[in-house]
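What follows is a set of notes on a single structure, which appears directly below.
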Amino acid sequence: MKQTLTIILLTVTTFSFGQTNILTKYHKADSLLQVDNYLDAYTILKEIETKCDIKDTLYNYILWCYVGATTELEKQNRTTEKFDMSLQFGLEALKLIEKGKTFFDEKFASREYWMQKNIIVSYFGLGQLDQAEKQKKILYKAYKEK
């Protein structure tokens with residue numbers, strides 16, 4: 001009986017500590033975002049997004065901030081013509097936006113098309129015209145389907 005109680009207590013403590021750790025890291029990332037330190041916030045959010053249960057209410061906040069940080073890093077790199085990094089962040093942001101569609105509204109989902117456009121710019125900047133054309137077709141197809 002004591003062994004069972006000990007195992008249950010250790011299990012609950014471990015899960016509680018894990019949740020507290022994620023929450024602490026989320027608050028740190030949020031503080032970094034507020035002072036425009038997107039890269040450090042991105043690093044933290046990328047780590048905790050995979051560790052947080054998607055059923056946890058904190059997950060929505062993590063995903064929202066993760067998309068925002070990734071989008072900002074894509075923009076910063078695109079506007080400074082660092083198209084390789086812009087493309088990397090853009091593709092990651094696109095995956096996150098697709099994941100977030102189930103959690104957020106249509107306005108959030110519309111970010112997909114802006115990111116598609118940004119990815120096209122990055123492909124053009126890298127001289128990868130075939131890839132840019134593929135992305136452009138996806139974008140135009142969505143436009144035609146409204």
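Quick note: numbers below take in every heavy atom, side chains included, and nothing from hydrogens, waters or symmetry partners.
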Check your understanding: Are the side chains of Y26 and L58 in touch, meaning some heavy atoms are under 4.5 Å apart?
Key ->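 SC-SC contact between Y26 and L58 confirmed.
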
Check your understanding: Quick one: does K75's side chain get under 4.5 Å of N118's, heavy atoms only?
Key ->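 They are not in side-chain contact.
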
Check your understanding: Considering residues at least two apart in sequence or located in another chain, which fulfil the ring pair (Phe, Tyr, Trp, His ring centres under 6.0 Å) criterion with W114?
Key ->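 Partners of W114 under the ring pair (Phe, Tyr, Trp, His ring centres under 6.0 Å) test: none.
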
**Study point:** Sequence-distant partners of Y59, ring pair (Phe, Tyr, Trp, His ring centres under 6.0 Å), two or more places apart
**Key:**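 Expected list: F103.
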
Please name the pair of heavy atoms, one in [X] and one in [Y], separated by the smallest distance, quoted to 0.1 Å.
X: G100; Y: L63; result: CA-CD2, 3.6 Å
X: E112; Y: I97; result: N-CG2, 3.8 Å
X: S86; Y: E74; result: OG-OE2, 3.0 Å
X: I119; Y: G90; result: CD1-O, 3.6 Å
X: N37; Y: D40; result: ND2-OD2, 3.0 Å
X: K51; Y: I22; result: O-CD1, 3.7 Å

If I take atom [atom1] from residue [X] and atom [atom2] from residue [Y], how far apart are they, to the nearest 0.5 angstrom?
X: Y38; Y: L45; atom1: OH; atom2: CG; answer: 12.0 Å
X: I44; Y: T24; atom1: CD1; atom2: OG1; answer: 11.0 Å
X: R111; Y: K101; atom1: CZ; atom2: NZ; answer: 13.0 Å
X: I138; Y: L94; atom1: CD1; atom2: CG; answer: 8.5 Å
X: C65; Y: L32; atom1: SG; atom2: CG; answer: 11.0 Å
X: K46; Y: L96; atom1: NZ; atom2: CG; answer: 9.0 Å

Check your understanding: Is there a side-chain contact (heavy atoms from CB on, under 4.5 Å) between I48 and Y66 once you walk through the steps?
Key -> CA-CA 10 Å; I48 63 175; Y66 185 17; over 6 Å; no

Review point. Quick one: are the ring centres of F89 and Y42 less than 6.0 Å apart?
Key: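 Aromatic pair counts; centres sit under 6.0 Å.
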
Point to revise | K95, NZ: over 12 other non-hydrogen atoms inside 6.0 angstrom | key: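 No, because the 6.0 Å sphere around NZ of K95 holds 12 heavy atoms or fewer from other groups.
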
**Study point:** ILVMFWY cluster, L39 and L87 together (side-chain gap under 4.5 Å)
**Key:**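 The answer is yes; both residues are in one hydrophobic cluster.
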
Review point. How are the rings of W64 and F104 set relative to one another: parallel (under 30°), tilted (30 to 60°) or perpendicular (over 60°)?
Key: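 Geometry flag for F104 against W64: perpendicular rings.
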
Review point. Are any of the side-chain nitrogens in E49 or K99 under 4.0 Å away from the carboxylate oxygens of its partner?
Key: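 Counted as a salt bridge, because a side-chain N and a carboxylate O are separated by less than 4.0 Å.
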
Exercise for review: Among Ile, Leu, Val, Met, Phe, Trp and Tyr joined by side-chain contacts under 4.5 Å, find the other residues sharing a cluster with Y113 and list them by chain and number.
Suggested key: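 Traced through the cluster, Y113 reaches I120, F124, L129, L139.
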
When you check the side-chain N and O atoms of [X] and [Y], is any donor under 3.5 Å from an acceptor?
X: Q135; Y: Q131; result: no
X: E92; Y: T70; result: no
X: Q88; Y: D84; result: no

